[in-house]
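Letters go in sequence order (proteins before strands), and every chain restarts at 1.
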Number of protein chains: 4
Amino acid sequence: MSANKYEEIAQAAIRLFQQKGYHATSVQDIADEVGLQKGSLYHYISSKEELLMKIAHQSISGFNRRLEKIIDMEVNHREKLFMAVQTHITVVAANMQMTTVLLREAFSLAEPHATIIQELTDRYLDLWTRIIDEGIAAGEFKPGNSRLKALAILGACNWLYRWYETDGPLSADEISKVFADIFLDGVAYHKPGGSIPPS
Amino acid sequence: MSANKYEEIAQAAIRLFQQKGYHATSVQDIADEVGLQKGSLYHYISSKEELLMKIAHQSISGFNRRLEKIIDMEVNHREKLFMAVQTHITVVAANMQMTTVLLREAFSLAEPHATIIQELTDRYLDLWTRIIDEGIAAGEFKPGNSRLKALAILGACNWLYRWYETDGPLSADEISKVFADIFLDGVAYHKPGGSIPPS
Amino acid sequence: MSANKYEEIAQAAIRLFQQKGYHATSVQDIADEVGLQKGSLYHYISSKEELLMKIAHQSISGFNRRLEKIIDMEVNHREKLFMAVQTHITVVAANMQMTTVLLREAFSLAEPHATIIQELTDRYLDLWTRIIDEGIAAGEFKPGNSRLKALAILGACNWLYRWYETDGPLSADEISKVFADIFLDGVAYHKPGGSIPPS
Amino acid sequence: MSANKYEEIAQAAIRLFQQKGYHATSVQDIADEVGLQKGSLYHYISSKEELLMKIAHQSISGFNRRLEKIIDMEVNHREKLFMAVQTHITVVAANMQMTTVLLREAFSLAEPHATIIQELTDRYLDLWTRIIDEGIAAGEFKPGNSRLKALAILGACNWLYRWYETDGPLSADEISKVFADIFLDGVAYHKPGGSIPPS
DNA sequence: AATGAATGAGCCTTCATTCAT
DNA sequence: GATGAATGAAGGCTCATTCAT
């Protein structure tokens with residue numbers, strides 16, 4: 001079983017699942033896309049769902065791996081949050097289709113796949129929460145419900161899959177700067193002498 | 001055709017579309033839920049998709065209507081953004097199932113429905129953008145790409161449908177406060193004398 | 001769901017399963033036979049296997065029911081064994097197709113169906129064994145492994161499904177007489193003064 | 001093409017056909033069992049059905065060959081019938097899997113194979129019938145429909161494939177004794193002075 | 001001798017929708 | 001208004017067999 005062909009099939013699946021959705025994509029569609037008979041696909045995959053699973057797994061694993069690396073870096077916490085945002089947004093922008101499949105279609109996974117993806121997704125949220133927590137502990141971030149804050153930031157960043165245009169005018173870097181600025185300092189001007197860290 | 005029965009069907013559809021997804025919900029499922037035969041449903045609905053459309057339309061229209069009211073209020077812009085956030089989150093929390101159908105399932109709509117929902121969604125983003133724009137114009141918010149900022153805030157707020165638990169420990173109000181605080185002032189402490197509005 | 005139509009489908013299934021075998025009969029074949037679309041069959045049946053199960057169940061249940069009645073009769077044990085043989089053979093002959101499905105195709109049943117049919121089949125053997133046992137206890141039959149004897153008799157009688165011809169020259173009654181005679185007294189002449197019951 | 005490998009494949013097929021049935025056994029299953037790829041099997045066999053045919057043919061031929069030898073022996077006819085029963089049962093018991101394939105699966109054979117096996121099977125019945133006939137002619141067996149009697153005896157003996165357990169408590173010899181006793185003298189005690197051969 | 005990619009027909013089942021009653 | 005029988009297209013998947021390498 002040539003790994004090339006499998007990769008080709010997976011790429012076709014990513015494209016189609018993104019365009020039409022998992023349920024609306026038939027195995028026939030995928031076969032057509034790679035120029036095989038429907039039945040021939042099954043030399044490479046064991047089921048349509050397995051394909052979805054592989055895609056989702058690869059996607060969320062990538063996010064986790066990258067964030068873990070960032071967490072291990074020795075930079076201040078503003079910087080770390082910025083890098084996390086930037087990396088996430090860069091990955092989403094560079095892998096719009098795959099990310100869309102992860103965020104929109106993984107819901108169609110049955111057990112035991114659903115749970116596996118859910119756990120990896122939970123882990124990803126944990127990592128973001130840790131970034132906030134460590135920023136608070138270091139006195140760089142304001143105290144508060146760190147998980148909730150992580151959800152706000154992660155939600156905003158994930159939402160990109162719904163509106164980002166690969167050929168649009170905004171680069172991932174530009175978006176990252178604006179987003180990180182909001183998360184760190186907000187959209188409003190601050191009242192002078194306002195929220196200064198206690199010393 | 002009793003409007004009551006239609007409403008009952010729509011509620012069943014909302015519940016089922018949320019639980020199993022639009023594609024995985026069969027017309028039979030809906031019929032079972034309301035105690036009718038599959039064929040009888042078609043006295044009330046013209047198609048399964050129409051049901052999805054109605055739900056999505058009602059949902060996004062509600063968001064728009066509420067946000068328009070807020071925009072028309074005469075309060076300062078920090079306050080207005082807070083209210084927008086609070087209202088959105090309250091609505092999501094109070095209508096988790098319907099919001100989930102809007103945000104997760106409306107993608108399955110075919111034309112012309114897809115475009116109609118897309119336009120209402122675009123309009124909703126426009127309203128958020130206007131709130132930011134007006135805050136900037138009033139000197140309360142920092143200048144910048146307002147649409148991008150609106151997308152960040154809206155994304156964070158929409159994402160609630162993925163994690164909010166109706167019977168969980170967090171109230172919509174608590175979440176709103178944390179979220180609005182992040183959007184307005186960020187998670188970080190500010191460097192003293194930092195981003196002060198130019199005078 | 002008209003019971004008539006179901007019965008018609010079941011009859012078609014019996015005919016086809018007998019002619020071609022369960023696996024070689026497609027749902028399409030059955031649908032063709034009753035003049036429905038393949039999909040329409042599923043208004044009446046829940047699966048192809050359910051059809052096989054129903055047939056097998058009805059068949060073995062009939063055998064059990066009839067044998068239980070005979071066991072309860074008050075006749076001597078030679079007579080009782082004769083009636084059991086006659087009844088079994090008559091039923092096989094009158095329901096060749098259904099019996100063939102039971103004896104040849106029930107093997108294709110998956111769990112939990114396989115076990116259910118197996119238990120009913122075991123029960124049938126138990127009933128035959130009881131007939132032998134009671135004949136022995138009454139001093140009419142020679143002692144010995146009654147279950148083994150039941151298996152010999154039942155095997156001979158079941159085997160009918162392999163060779164009996166509905167339009168052939170032999171009636172069920174003629175066969176019954178020959179078979180019962182063999183089981184009771186054997187094919188050989190007895191050595192004079194031979195196996196006489198102890199007094 | 002090594003005959004060894006072919007034999008290995010045939011053995012695997014016997015095992016699988018017996019366990020799962022002919023239709024439920026895939027060529028892949030057989031290939032797995034012998035550690036070849038599916039495609040490689042076709043260096044040894046020309047089709048799945050050919051495999052079934054070979055097995056069935058070998059099995060029924062063995063039965064015929066053995067019975068012919070017995071028929072040629074010079075012993076009295078009670079003895080001859082006993083040996084026929086004993087031999088048949090011993091072969092079934094010693095080759096349960098192969099016999100099961102013959103008796104349960106050969107039905108799946110298409111033409112011309114089906115007819116060939118049928119003829120060999122008919123021939124086997126003829127041999128049994130001859131044993132009865134010759135016993136009658138010799139005055140050892142009671143007159144009557146010899147073919148029918150052969151069918152009774154053969155049916156009982158064939159049925160073993162449905163219940164015999166290789167590791168069970170009953171040896172082929174014990175079964176043979178009980179079976180032959182039934183066929184020769186029946187299960188019942190005889191009325192004194194009863195069926196004595198006319199002199 | 002062995003592989004493994006590919007075929008193409010066929011399998012059982014589901015389903016949204018229609019319509020006569 | 002309600003039924004339930006019927007449709008017909010499509011769905012995911014299996015499989016015996018072929019063949020170039």
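- Counting to the nearest Å, the C1' atom of F/dG4 and the CG atom of C/Asn4 are 15 Å from each other.
- Straight-line distance from the CG atom of A/Leu41 to the P atom of E/dG4: 19 Å, rounded to whole Å.
- One interatomic measurement links the two molecules: CG of D/Leu51 to C1' of F/dT17, which rounds to 14 Å at whole-angstrom precision.
- Regarding B/Tyr44, its OH atom lies at a distance of 18 Å from the P atom of E/dT17, rounded to whole Å.
- Checking each of B/Leu102, B/Ile117, B/Asn64 against B/Ser59 for a side-chain contact (heavy atoms from CB on, under 4.5 Å) leaves exactly one that passes, namely B/Leu102.
- Between B/Tyr22 atom OH and E/dC15 atom C1' there is a gap of 12 Å when expressed in whole angstrom units.
- The nucleotide whose nearest atom lies closest to any side-chain atom of D/Val27 is, among F/dA16, E/dA6, E/dT3, F/dA16.
- In this entry F/dA20 has E/dT3 as its Watson-Crick or G-U wobble partner, both defining distances falling under 3.5 Å.
- A tilted orientation is assigned to the rings of B/Tyr124 and B/Phe63, their planes being inclined by 30° to 60°.
- Each of A/Tyr42 and C/Lys38 was matched to the nucleotide of DNA chain F holding its nearest heavy atom; the match closer to the 5' end belongs to C/Lys38.
- Positionally, the nearest nucleotide of DNA chain F for C/Ser40 lies more toward the 5' end than for the other of C/Ser40 and D/Gly39.
- Positionally, the nearest nucleotide of DNA chain E for D/Gly35 lies more toward the 5' end than for the other of A/Gly35 and D/Gly35.
- For the pair B/Arg104 and B/Tyr161, the cation-pi test (distance below 6.0 Å, angle within 45°) is failed.
- Of all nucleotides listed (E/dC11, E/dA16, E/dT13), E/dT13 comes nearest to the side chain of C/Ser47.
- Within the 4.0 angstrom heavy-atom criterion, no nucleotide atom of any strand lies near D/Ser46.
- What separates CG of D/Asp29 from P of F/dC15 is a distance of 7 Å, to the nearest Å.
- At whole-Å resolution of the value, CG in C/Asp32 and P in F/dT7 are 12 Å apart.
- When atom types are taken as modelled, the side chain of A/Asp29 and the backbone of A/Leu16 share no donor-acceptor pair closer than 3.5 angstrom.
- Separating the NE2 atom of C/His43 from the P atom of E/dC15 is a distance of 12 Å, rounded to the nearest angstrom.
- Residue D/Gln37 has no polar side-chain atom (N or O) positioned under 4.0 Å from OP1 or OP2 of E/dA2.
- Between D/Arg123 and D/Glu119 there is no salt bridge, since no side-chain nitrogen of the basic residue lies less than 4.0 Å from a carboxylate oxygen of the acidic one.
- Side-chain proximity of D/Leu36 to the nucleotides F/dA16, E/dG8, E/dT3 is greatest for E/dT3.
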